Amino acid sequence: MKKWYKLYLKSFLVLLTVVIVGVSLMFLFSLLEEPVNPRYAGLLYPLIGGLYLSILPVIYLLQLMLSLLKEREDAAGKNRQSIWRKARASAAVFSIIFLLMLPFTYRLADVDDAPGLILFFSLPILFGGAGYALFSLFLEKEERYS
């Protein structure tokens with residue numbers, strides 16, 4: 001793999017991790033300053049908890065991808081296969097968390113009369129898997145040709 005390409009992917013992963021953690025902390029502090037309306041608390045707090053729970057597999061996936069990029073070129077293939085297996089499991093856990101949050105989303109959208117909320121919480125399932133697939137495609141392609 002070319003050095004500049006590897007450096008670009010590493011910097012992208014680090015920047016993405018910093019942005020995810022920064023936005024989640026900013027949202028958490030704003031939530032602590034202004035709590036949720038008690039009328040919606042039973043529906044919103046499980047959604048917020050699910051969002052924060054879904055950050056864990058994403059950060060783990062980003063850490064796995066970074067370790068895959070840091071690994072030496074002549075490293076054993078078994079270690080790489082193990083990393084890919086863990087990455088697929090992490091992406092699956094991310095999707096499962098969002099699937100478990102969908103009933104709360106439907107109920108909240110019905111109570112608040114906000115149908116766009118269903119779309120907002122359904123998109124990460126689609127784009128999370130697609131983002132993982134694209135990134136793994138780039139890495140596997142580079143592994144084959146290097």
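Computation of the quantities below employed the complete heavy-atom set of this structure, encompassing side-chain atoms and omitting hydrogens, waters and symmetry-equivalent molecules. One is the number of the first residue; the rest follow in order along the sequence. Keep in mind that what you see is a predicted model, and the values were worked out from it rather than measured.
Among all heavy-atom pairs drawn from M65 and A87, the shortest one is CE-CB, 3.7 Å. Closest of all the heavy-atom pairs between A109 and L117 is N-CD2, 4.1 Å. The two atoms that bring I97 and P57 nearest to each other are CD1-CG, 4.1 Å, heavy atoms only.
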Report the C-alpha separation of T105 and L43 in whole Å, then their side-chain angles, then the decisive distance to 0.1 Å, and conclude whether the side-chain contact (heavy atoms from CB on, under 4.5 Å) test is met.
CA-CA 8 Å; T105 307; L43 298 170; over 6 Å; no
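Aromatic ring pairs are classed by plane angle as parallel below 30°, tilted from 30° to 60° and perpendicular above 60°; the pair F12 and Y8 is parallel.
Separating the CG atom in L68 from the NZ atom in K10 is a distance of 11.0 Å, to the nearest 0.5 Å. Note: F27 CZ to L51 CG = 7.5 Å, rounded to the nearest 0.5 Å. The distance from atom CG of L64 to atom CZ of R88, rounded to the nearest 0.5 Å, is 11.5 Å. In this structure, CG on D112 lies 7.0 Å from CZ on R39, to the nearest 0.5 angstrom. Between S24 atom OG and L31 atom CG the span is 12.0 Å, to the nearest 0.5 Å. Note: L66 CG to L16 CG = 11.5 Å, rounded to the nearest 0.5 Å.
Atom CG of N37 has more than 12 neighbouring heavy atoms from other residues, nucleotides or ligands inside a 6.0 Å radius. Around CZ of F98, the count of heavy atoms belonging to other residues, nucleotides or ligands within 6.0 Å exceeds 12.
Using a 4.5 Å heavy-atom cutoff, the side chains of F94 and L61 are not in contact. Taking 4.5 Å as the limit, every side-chain heavy atom of I20 sits out of range of all side-chain heavy atoms of T17. Counting heavy atoms from C-beta on, the side chains of V21 and L25 come closer than 4.5 Å. I48 has its side chain within reach of Y52: a pair of non-hydrogen atoms, C-beta onward, lies under 4.5 Å apart.
In the hydrophobic clustering of this structure, L99 groups with F104; members are Ile, Leu, Val, Met, Phe, Trp, Tyr whose side-chain heavy atoms approach within less than 4.5 Å, directly or through other members. When the side chains of ILVMFWY residues are joined at heavy-atom separations under 4.5 Å, either directly or via intervening members, M26 and L44 end up in two distinct hydrophobic clusters. Side-chain heavy atoms closer than 4.5 Å link hydrophobic residues (I, L, V, M, F, W, Y) into clusters, and following such links, even through other members, never connects V23 to L13. Hydrophobic clustering (side-chain heavy atoms under 4.5 Å, transitive across Ile, Leu, Val, Met, Phe, Trp, Tyr) keeps L108 apart from L100. At a threshold of 4.5 Å between side-chain heavy atoms, the hydrophobic network of Ile, Leu, Val, Met, Phe, Trp and Tyr places L7 and L9 in two separate groups.
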